Amino acid sequence: MFLLQIDWDPIKYIDLGFFKLHFYSMMWIVAFILGFYITKRIYKNEEQSEESLDSLFIYSVIGIMLGARLGHVIFYQSELITEDFFSIFLPFKFKGGFEFTGFQGLASHGAAIAMIISMYIYNKKVLHKTVLWILDRVVIPVALGAVFVRIGNFINSEIIGKETDSAFGVVFKQLGETQPRHPAQLYEAFCYVFVFLILFYFYWKTKKSEQQGFLFGLFLVLLWTVRFFVEYVKEAQNIERADWLLNTGQLLSIPFILIGLYFMFVYKPKTKLA
């Protein structure tokens, strides 16, 4: 018997006639805006210029969105490369009729890889410190942004959990279902709040920001450990791999966790910050 069962059937977008405003897209916008103001506070504390902050925002948006989209296509939906190539980069689908879809199908693993690459380019062209210096700071707003992205997934009834007979479950009505499932998106969002708070605490209340790579490593360990364990209650995003011992999300999370541990406990910078 369910003590709490939620029938989830929200409106996904507001139809403005010429344009559909998707709530999922709004969650990404909220994530970027909050991230900008958190980073602005950090940059002020580090006595960095507003010009470098503006550049960081541009590099972050382009890197995260492009990486998240390419990551989804490469890891989960490679058929788009041959079947609907332009839908990979544009918020439209062309196969079966032209339709505005917004940016759907975004993979966090791809976003993480692209974020590191974009921060390398940003540091080389704008900041001129070290890549780890910026990564140690940018992971704080990124962790908070992950909260809103998963809330957006919940609104869209996507990345759903497995069916459950526990005391709490959500029925995703838009999928035509009657059986409650784990709200895996909310589990992740809830955990990411604590990832953000932990990183925020370590930056402002300790001197760990002075240890190059520590906050970046801590972020990788916390976020991808959460992702690894929540995957146990998620439906497989790739049906062909559903019977694997570890699913795609878990296999991709393990290297990030190991890299994080390396930067937390092993890595020693060769030179001091300028």
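Computed from a prediction, not measured in an experiment: that's the story for all the values here. The first residue of the sequence shown is numbered 1, and numbering continues consecutively from there. FYI, side chains are in, hydrogens and waters are out, and symmetry mates aren't considered; it's all heavy atoms of this structure.
- In this structure, Pro180 and Phe168 have side chains that are not in contact, with every pair of non-hydrogen atoms separated by 4.5 Å or more.
- Residues Ser157 and Lys173 are not in side-chain contact: their nearest non-hydrogen atoms beyond the backbone lie 4.5 Å or more apart.
- For the pair Val149/Tyr192, no side-chain contact is recorded, criterion being any heavy-atom separation below 4.5 Å from C-beta on.
- A distance of 5.5 Å separates CD of Gln212 from CG of Leu132, quoted to the nearest 0.5 Å.
- Cation-pi contact between Lys208 and Phe202: absent, since separation from the ring centre below 6.0 Å together with deviation from the ring axis within 45° is not met.
- Closest approach of Pro141 and Thr39 over heavy atoms only: CG-OG1, 3.3 Å.
- Summarising the geometry, atom CZ belonging to Phe172 is positioned 9.5 Å from atom CD1 belonging to Ile6; distances are rounded to the nearest 0.5 Å.
- The two atoms that bring Gly67 and Ala114 nearest to each other are CA-CB, 3.3 Å, heavy atoms only.
- Summarising the geometry, atom CG belonging to Leu135 is positioned 8.0 Å from atom CZ belonging to Phe263; distances are rounded to the nearest 0.5 Å.
- No side-chain heavy atom of Val195 sits under 4.5 Å from any side-chain heavy atom of Trp224.
- At a threshold of 4.5 Å between non-hydrogen side-chain atoms, the residues Leu197 and Tyr201 do not count as touching.
- Side-chain atoms of Thr225 never come within 3.5 Å of backbone atoms of Leu222 as a donor-acceptor pair (strictly under, hydrogens ignored).
- Taking a 6.0 Å sphere around CZ of Phe36, one finds it holds more than 12 heavy atoms contributed by other residues, nucleotides or ligands.
- Across all non-hydrogen atoms, the minimal contact from Met115 to Val142 is CE-CG2, 4.2 Å.
- Figure legend: cation-pi geometry between Arg181 and Trp8 absent, as NZ or CZ is not positioned both under 6.0 Å from the six-membered ring centre and within 45° of its axis.
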Gln250/Leu252 under side-chain contact (heavy atoms from CB on, under 4.5 Å): CA gap, chis, key distance, verdict:
CA-CA 5 Å; Gln250 291 172 315; Leu252 291 172; over 6 Å; no
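- Two residues are said to be in side-chain contact when any heavy atoms from C-beta on lie closer than 4.5 Å; Ile160 and Phe154 fail this criterion.
- Taking both residues in full, the closest heavy atoms of Ala184 and Val230 are given as O-CG1, 3.8 Å, listed atom of the first, atom of the second, then distance.
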Pair Leu127-Gln48, side-chain contact (heavy atoms from CB on, under 4.5 Å): steps then yes or no:
CA-CA 9 Å; Leu127 197 61; Gln48 297 298 310; 3.4 Å; yes
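- In this structure, Phe214 CZ and Ser209 OG are separated by 10.5 Å, a value rounded to the nearest 0.5 Å.
- Using a distance-only test at 3.5 Å, with no hydrogens or angles considered, a donor-acceptor pair links the side chain of Tyr122 to the main chain of Ser52.
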Tell me which donor-acceptor pairs under 3.5 Å the side chains of residues 53-62 have, and how far apart each pair is, sequence neighbours excluded?
| unit_1 | atom_1 | unit_2 | atom_2 | d |
| --- | --- | --- | --- | --- |
| Ser55 | OG | Glu51 | O | 3.2 |
| Ser60 | OG | Leu56 | O | 2.8 |

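- By the 30° and 60° cut-offs, the orientation of the rings of Phe196 relative to Phe200 is tilted.
- Screening residues 182-206 for salt bridge (charged side-chain N to carboxylate O under 4.0 Å, His left out), with sequence neighbours left out, gives Arg150-Glu188, Glu188-Lys234.
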Carefully, step by step, assess Arg69 and Met65 under the rule side-chain contact (heavy atoms from CB on, under 4.5 Å).
CA-CA 6 Å; Arg69 186 63 181 141; Met65 295 303 294; over 6 Å; no
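- Side chains of Leu34 and Phe148 form a contact here, defined as non-hydrogen atoms less than 4.5 Å apart.
- The aromatic rings of Tyr232 and Phe228 stand perpendicular to each other, their planes meeting at an angle above 60°, with 30° marking the opposite boundary.
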Candidate pair Leu220 and Ile257, rule side-chain contact (heavy atoms from CB on, under 4.5 Å), full reasoning:
CA-CA 6 Å; Leu220 293 179; Ile257 295 171; over 6 Å; no
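- Nearest approach of Leu246 to Ile254, heavy atoms of both residues: CD1-CD1, 3.9 Å.
- Of all heavy-atom pairs between Arg227 and Ser253, the closest is CG-OG, 3.6 Å.
- Between Ile151 and Gln185, every side-chain heavy-atom pair lies at or beyond the 4.5 Å cut-off.
- A distance of 14.5 Å separates CD in Glu158 from CD in Glu235, rounded to the nearest 0.5 Å.
- Distance check, rounded to the nearest 0.5 Å: CE of Met264 to CG of Leu218 gives 4.5 Å.
- More than 12 heavy atoms of other shown residues, nucleotides or ligands fall within 6.0 angstrom of atom CD in Glu79.
- Hydrophobic clustering, defined by side-chain heavy atoms of Ile, Leu, Val, Met, Phe, Trp and Tyr closer than 4.5 Å, leaves Val171 isolated from every other such residue.
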